[in-house]
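One structure is given below, encoded as structure tokens.
Predicted, not measured: the structure shown is a model, and the values here were computed from it.
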Amino acid sequence: MGRSKVKRSGRGPVLLLLILIIAVGLLAFMRTSYFSIKDIRVQGNSFVDEKEIARYSGISPGMNILTVKLKEAEEALKTHPYILDTQVQRIMPDTIEITVKERDLVGYIPYLGSYLLVDSEGMVISATARVPVEGLPVYRGIKVQDFQANEILDIDNIQIFDKIIYISKCIANNLAGYAPIEVDIENPEDIIIHLGERFALRVGDTEGLDYKLEYSNTILEKLYSQEVGGEIDVTHGGNAFFRPW
């Protein structure tokens, strides 16, 4: 009995020493460059720049991937006005993957010298002195009563948003490379899309708009190689008329 007790008590310090050596070894290994972040991958973004997303997350190359607090990074990213939801993941041993879901941005509406960025729900995301997101159209001819950030925009005709959403999708499908784009929608039956100061597309109402803009794009591809500008009238769908300035 006495000898067995001596044997058990002898194993305890050895086991404790072994655990201590393993723990110190793991701690030293964790502090090596093996777990330093070398790559930050961003996906799902269309409007927000990858570097801006990484900056908002608070994660940067060189940080230890094991010490990054993923939930805190996700919450920080949600403070960006254009980001609705996000997921941050570790890809061992040295990569962080950030997946974002951006708000469904529709375009800008001028108001008292500023530009109100609105989403597909009619919510005001921000008010700026310029248009910071290229490719989003500016909608003119909409009378704004008042606005509050992060609230639905107060306008005369809230139903006009259905048309705006559709117009923005058609523009994204067919005219994404022609920024800046302004849409005169004061008369919804006679919509005019301005591509800078060089071209204007008279499209009439929104019926068949996707086809009208696709057709307009084929004409623009030919005209842009020439020193010419003017109005392209596609109000009749299958027929187009070009009127030089």
Side-chain angles (χ1 to χ4, degrees), residues 14-108 115-138 149-151 165-166 168-181 210 217:
V14 173
L15 183 60
L16 185 62
L17 180 61
L18 182 60
I19 292 172
L20 183 61
I21 292 172
I22 293 173
V24 171
L26 286 173
L27 183 62
F29 181 58
M30 287 172 59
R31 292 184 175 181
T32 65
S33 60
Y34 183 76
F35 290 108
S36 293
I37 296 173
K38 297 180 178 63
D39 188 22
I40 300 175
R41 301 176 188 170
V42 178
Q43 58 187 15
N45 59 313
S46 298
F47 303 115
V48 189
D49 182 74
E50 290 185 4
K51 292 182 179 178
E52 187 173 356
I53 290 174
R55 180 172 60 82
Y56 260 79
S57 74
I59 302 172
S60 58
M63 293 176 63
N64 189 308
I65 195 170
L66 298 175
T67 63
V68 171
K69 297 180 179 179
L70 302 183
K71 292 300 180 184
E72 287 187 8
E74 290 173 352
E75 292 304 314
L77 282 162
K78 291 176 186 177
T79 65
H80 193 290
Y82 302 165
I83 295 177
L84 183 62
D85 200 5
T86 183
Q87 183 180 40
V88 182
Q89 295 178 303
R90 296 184 184 94
I91 300 179
M92 302 300 287
D94 58 10
T95 300
I96 290 290
E97 183 176 85
I98 301 175
T99 304
V100 298
K101 180 181 179 182
E102 295 177 329
R103 295 184 181 276
D104 188 11
L105 303 179
V106 170
Y108 293 92
Y115 292 92
L116 308 181
L117 177 60
V118 296
D119 67 7
S120 58
E121 296 179 352
M123 181 178 293
V124 178
I125 305 304
S126 64
T128 60
R130 58 185 183 86
V131 177
V133 182
E134 288 190 5
L136 286 179
V138 174
N150 299 317
E151 292 186 8
I165 293 168
Y166 179 57
S168 290
K169 288 181 178 179
C170 293
I171 287 175
N173 290 340
N174 302 286
L175 303 176
Y178 296 106
I181 299 175
D210 197 54
N217 187 40

Exercise. Show your reasoning for whether side-chain contact (heavy atoms from CB on, under 4.5 Å) applies to Val131 and Leu136.
Key: CA-CA 8 Å; Val131 177; Leu136 286 179; 5.7 Å; no
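- In terms of heavy atoms, Ser57 sits closest to Ala54 at OG-O, 2.6 Å.
- A donor-acceptor contact shorter than 3.5 Å is absent between the side chain of Arg90 and the backbone of Leu70.
- Distance CD1/Ile65 to OG/Ser36: 9.5 Å, rounded to 0.5 Å.
- Test Ile83, Val88, Leu84 against Val100 for side-chain contact (heavy atoms from CB on, under 4.5 Å) and you get one pass: Ile83.
- For residues 83-106, no pair satisfies ring pair (Phe, Tyr, Trp, His ring centres under 6.0 Å), with sequence neighbours left out.
- Between Val133 and Tyr108, the closest heavy-atom pair is N-OH, 3.1 Å.
- Atom CG of Leu117 is separated from atom OG1 of Thr128 by 7.5 Å, given to the nearest 0.5 angstrom.
- Across every non-hydrogen atom of Ile181 and Leu175, the tightest pair is CD1-O, 3.4 Å.
- Distance check: Asn150 CG to Ile125 CD1 gives 6.5 Å after rounding to the nearest 0.5 Å.
- A donor-acceptor pair under 3.5 Å links the side-chain atoms of Thr86 to the main chain of Thr99, judged by distance alone.
- For residues 44-72, the set of pairs meeting the salt bridge (Lys or Arg N to Asp or Glu O under 4.0 Å) definition, not counting sequence neighbours, comprises Lys69-Glu72, Lys71-Glu74.
- Not counting sequence neighbours, the partners of Asp85 by the side chain to side chain contact (heavy atoms under 4.5 Å, CB included) test are Lys78, Lys101.
- Residues passing the ring pair (Phe, Tyr, Trp, His ring centres under 6.0 Å) test with Phe47, sequence neighbours excluded: none.
- Qualifying side chain to side chain donor-acceptor pair (under 3.5 Å) partners for Tyr178, counting only residues two or more places apart in sequence or in other chains: Asn217.
- The salt bridge (Lys or Arg N to Asp or Glu O under 4.0 Å) pairs that include a residue from residues 117-133 number zero, where partners must be two or more places apart or lie in different chains.
- Take Ser120 and apply the side chain to side chain donor-acceptor pair (under 3.5 Å) test, not counting sequence neighbours, and it matches Asp104.
- Residues satisfying the side chain to side chain donor-acceptor pair (under 3.5 Å) criterion with Gln89, sequence neighbours excluded, are absent altogether.
- In this structure, the ring pair (Phe, Tyr, Trp, His ring centres under 6.0 Å) partners of Tyr56, at least two apart in sequence or on a different chain, are His80.
- At distances below 3.5 Å, not a single donor-acceptor pair connects side-chain atoms of Ser168 with backbone N or O atoms of Ile165.
- Every residue meeting the side chain to side chain contact (heavy atoms under 4.5 Å, CB included) condition with Lys38, not counting sequence neighbours, appears here in chain and number order: Asp94.
- For Glu102 (side chain) and Val48 (main-chain N/O), a donor-acceptor pair under 3.5 Å exists by modelled atom type.
- When all heavy atoms of Met92 and Leu66 are compared, the closest pair comes out as CE-CD2, 3.5 Å.
- Partners of Ala149 under the side chain to side chain contact (heavy atoms under 4.5 Å, CB included) rule, at least two apart in sequence or in another chain, do not exist in this structure.
- The two residues Ile40 and Ile59 have their closest heavy-atom pair at CD1-O, 3.5 Å.
- Legend: residues meeting side chain to side chain donor-acceptor pair (under 3.5 Å) with Asn45, ordered by chain and number and at least two apart, are absent.
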